[in-house]
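Predicted model, so just to flag it, every value in this text is computed and none were measured.
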Amino acid sequence: MPKEYKTIEEVAGPLMLVKGVTGVNYNELAEIELKNGQKRRCKVLELDGENALVQLFESSTGINLSNSKVKFLGRSLEFGVSEDMLSRIFDGLGRPIDSGPELLPEKRLDINGLPMNPAARNYPQEFIQTGISAIDGLNTLVRGQKLPIFSVSGLPCAAFAAQIARQAKVRGVEEPFAVVFAAMGITFEEANFFTQSFKKTGAIDRAVMFLNLANDPVIERIATPRMALTAAEYLAFDKGMHVLVILTDITNYADALREVSAARKEVPGRRGYPGYMYTDLASLYERAGRQKGKPGSITMIPILTMPEDDKTHPIPDLTGYITEGQIILSRELYRKGIAPPIDVLPSLSRLKDKGIGAGKTRADHSSTMNQIFAAYARGKDAKELMVVLGEAALTEMDKLYAKFADEFEKNYVSQGYETDRSIEDTLKIGWQLLSILPKSELKRINNEFIDQYYIK
């Protein structure tokens, strides 16, 4: 039976020091009971001999040191999982908040998960269709990949995240597919937007949602992505489903880490973030992937807002090291009315070549993708030259490339947040754009594809 202690020495913000404890483990769950019978959950953050530093999941307001008692539960924070999670909405600690019944769990899993053995990983190589041309056509998402989205403040990344969650699918109806969506530190308006967006389109039927609001406790924000990934691991590796995990906003998560680190009086690292932030983010991101011998997979799209639009800020910088590419949203394109404002040139999916081609998308995909990248880059250069020297300084070919760049942004990248394009639609639009240029300029594409798809 769990032992109770009345030896609370000190409370400072979300932290509490309990003295004289025995047999307690790191990360162990505990309950503090107040004089009025109210209970609040906490977990062990640090052990020093017989002293335990615990972190409260809820407010420390009203805790009387002499009248409160702490009970250590002998287990870490767990989430009860079952297939009934689909179509349900939970808070950051895994409690239902959708007015539905309590979940009857098939089993309870530690939210910290287990690291995936690198030798047991399967290489990501199957295409996931998001319905967004700038991703599917140019920076393709592959099953088991970690592909973050780097946004900047003020851009509609919430609408973009909801669009991906609604539209993403594995090609072929025989494949069971689910979306696990976790939002951290969001406002009531954003929470309502995500909920209504999922319900309106019916996407909620194959989704599990975790919503942590900005006024919820900081420690809950740290637990939220782990709850989501525990649900995803169960669906993928126990139930054989292909799961897309969307985490937004990782910046709020990292700020919560910094807040807890400051409360513990730890020595700060870059920009005040804890020195272990790389390890902490890796413990989340590396839970995505495919396991040998198991049909399911976890594909992850973490979304983060770059503070001060700075790609070298610790959060996007460390995320870039751990993940396989990035999709970058551009303030300049947003001002032009391009939606979603994806800047395709600095964006990158390192695994895109593994998920495209004959049998996956289409045989001409790879060469048309390379040609579109090259043509857009030259078109942007021509437009910059036009700003400096005027249109008269451009050759007729440069003017064609400048036209290509404009049409590319207007018709290929910009599609709004409700349009769901198949990969065939995306490739067709790509060929319509390439047909602006003469055939002699399409040096990266085989003649057989030009003969088949070029629009005269």
Side-chain angles (χ1 to χ4, degrees), residues 13-14 27 43 45 55-58 77 79 90-94 111-113 146-153 155 157-158 160-161 164-165 180-187 190-191 194 208-233 244-264 266 268-288 298 300-308 310-311 313-323 326-327 329:
N27 248 350
K43 75 167 184 177
L45 207 59
Q55 186 166 19
L56 288 152
F57 289 115
E58 291 139 283
L77 190 57
F79 181 51
F90 302 90
D91 70 4
L93 289 176
I111 67 163
N112 296 299
K146 307 176 286 288
L147 186 62
I149 292 169
F150 291 0
S151 181
V152 293
S153 59
L155 264 57
C157 61
F160 188 41
I164 295 172
V180 174
F181 184 89
M184 295 158 278
I186 59 170
T187 63
E190 287 173 316
F194 285 128
V208 187
M209 293 182 73
F210 294 84
L211 301 178
N212 165 260
L213 299 178
N215 64 338
D216 286 333
V218 168
I219 185 63
E220 186 178 311
R221 204 157 300 147
I222 294 173
T224 304
R226 290 177 169 82
M227 287 282 174
L229 286 160
T230 302
E233 285 170 345
L244 175 65
V245 178
I246 298 175
L247 305 176
T248 180
D249 182 327
I250 293 294
T251 301
N252 293 337
Y253 171 82
D255 287 343
L257 269 187
R258 179 167 64 176
E259 196 172 322
V260 171
S261 175
R264 291 173 67 180
E266 293 174 336
R270 289 165 62 193
R271 307 273 185 109
Y273 291 94
Y276 52 79
M277 189 164 76
Y278 178 90
T279 314
D280 193 280
L281 289 174
S283 73
L284 297 181
Y285 297 150
E286 293 297 346
R287 289 172 75 172
I298 297 177
M300 188 186 294
I301 298 183
I303 299 173
L304 60 92
T305 304
M306 295 184 287
E308 301 158 24
D310 182 10
K311 273 187 282 192
H313 187 279
I315 304 169
D317 189 34
L318 297 179
T319 294
Y321 279 120
I322 304 164
T323 54
Q326 68 278 331
I327 302 294
L329 303 187

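- Considering every non-hydrogen atom in both Arg221 and Ala214, the closest pair reads NH2-O, 3.1 Å.
- Both the sub-6.0 Å distance and the 45° axial angle are satisfied by Arg258 relative to the ring of Tyr273.
- For the atom pair Ile250 CD1 and Met184 CE, the distance stands at 4.0 Å (nearest 0.5 Å).
- Residues Ile303 and Asp249 fail the side-chain proximity criterion, which asks for heavy atoms closer than 4.5 Å.
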**OP:** Test side chain to side chain contact (heavy atoms under 4.5 Å, CB included) on Ile149 and Ile301 and set out the steps.
**Re:** CA-CA 7 Å; Ile149 292 169; Ile301 298 183; 3.6 Å; yes
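- In this structure, NE2 on His313 lies 6.5 Å from CD on Glu308, to the nearest 0.5 angstrom.
- Thr224 approaches Ala183 most closely through the heavy-atom pair CG2-O, 4.2 Å.
- In this structure, Thr319 and Tyr285 have side chains that are in contact, with non-hydrogen atoms separated by less than 4.5 Å.
- The line from OH of Tyr253 to CZ of Arg226 is 3.5 Å long, rounded to the nearest 0.5 Å.
- With rounding to the nearest 0.5 angstrom, the CG atom of Asp280 is 4.5 Å from the CG atom of Leu257.
- The closest donor-acceptor contact from the side chain of Glu220 to the backbone of Pro217 lies at 3.5 Å or more, if one exists at all.
- Within the 4.5 Å cutoff, the side chain of Pro225 has heavy atoms near those of the Leu284 side chain.
- No side-chain heavy atom of Lys43 sits less than 4.5 Å from a side-chain heavy atom of Leu77.
- The shortest non-hydrogen separation linking Met277 to Ala254 is SD-CB, 3.8 Å.
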**OP:** Mind running side chain to side chain contact (heavy atoms under 4.5 Å, CB included) on Met227 and Phe90 for me, showing each step along the way?
**Re:** CA-CA 10 Å; Met227 287 282 174; Phe90 302 90; over 6 Å; no
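- Ile246 places a side-chain heavy atom less than 4.5 Å from the side chain of Ile164.
- Here the CD1 atom belonging to Ile186 is positioned 8.0 Å from the OG1 atom belonging to Thr248, to the nearest 0.5 angstrom.
- Met300 places a side-chain heavy atom less than 4.5 Å from the side chain of Leu247.
- Heavy-atom minimum distance, Pro274 versus Glu266: CB-OE1, 4.3 Å.
- Phe210 and Phe79 have perpendicular rings, their planes meeting at more than 60° on a 0 to 90° scale where under 30° would count as parallel.
- Using a 4.5 Å heavy-atom threshold, the side chains of Tyr276 and Ser261 count as touching.
- When all heavy atoms are compared, the tightest approach of Ala228 to Val180 is O-CG1, 3.4 Å.
- Between the CD1 atom in Ile222 and the CD1 atom in Ile111 there is a gap of 10.5 Å [rounded to 0.5 Å].
- Considering every non-hydrogen atom in both Glu259 and Val218, the closest pair reads OE2-CG2, 3.2 Å.
- A salt bridge between Asp255 and Arg271 is absent, with no side-chain N of the basic residue lying under 4.0 Å from a carboxylate O of the acidic one.
- Inter-residue side-chain proximity for Phe150 and Ile327 is flagged as unmet; no heavy-atom pair is nearer than 4.5 Å.
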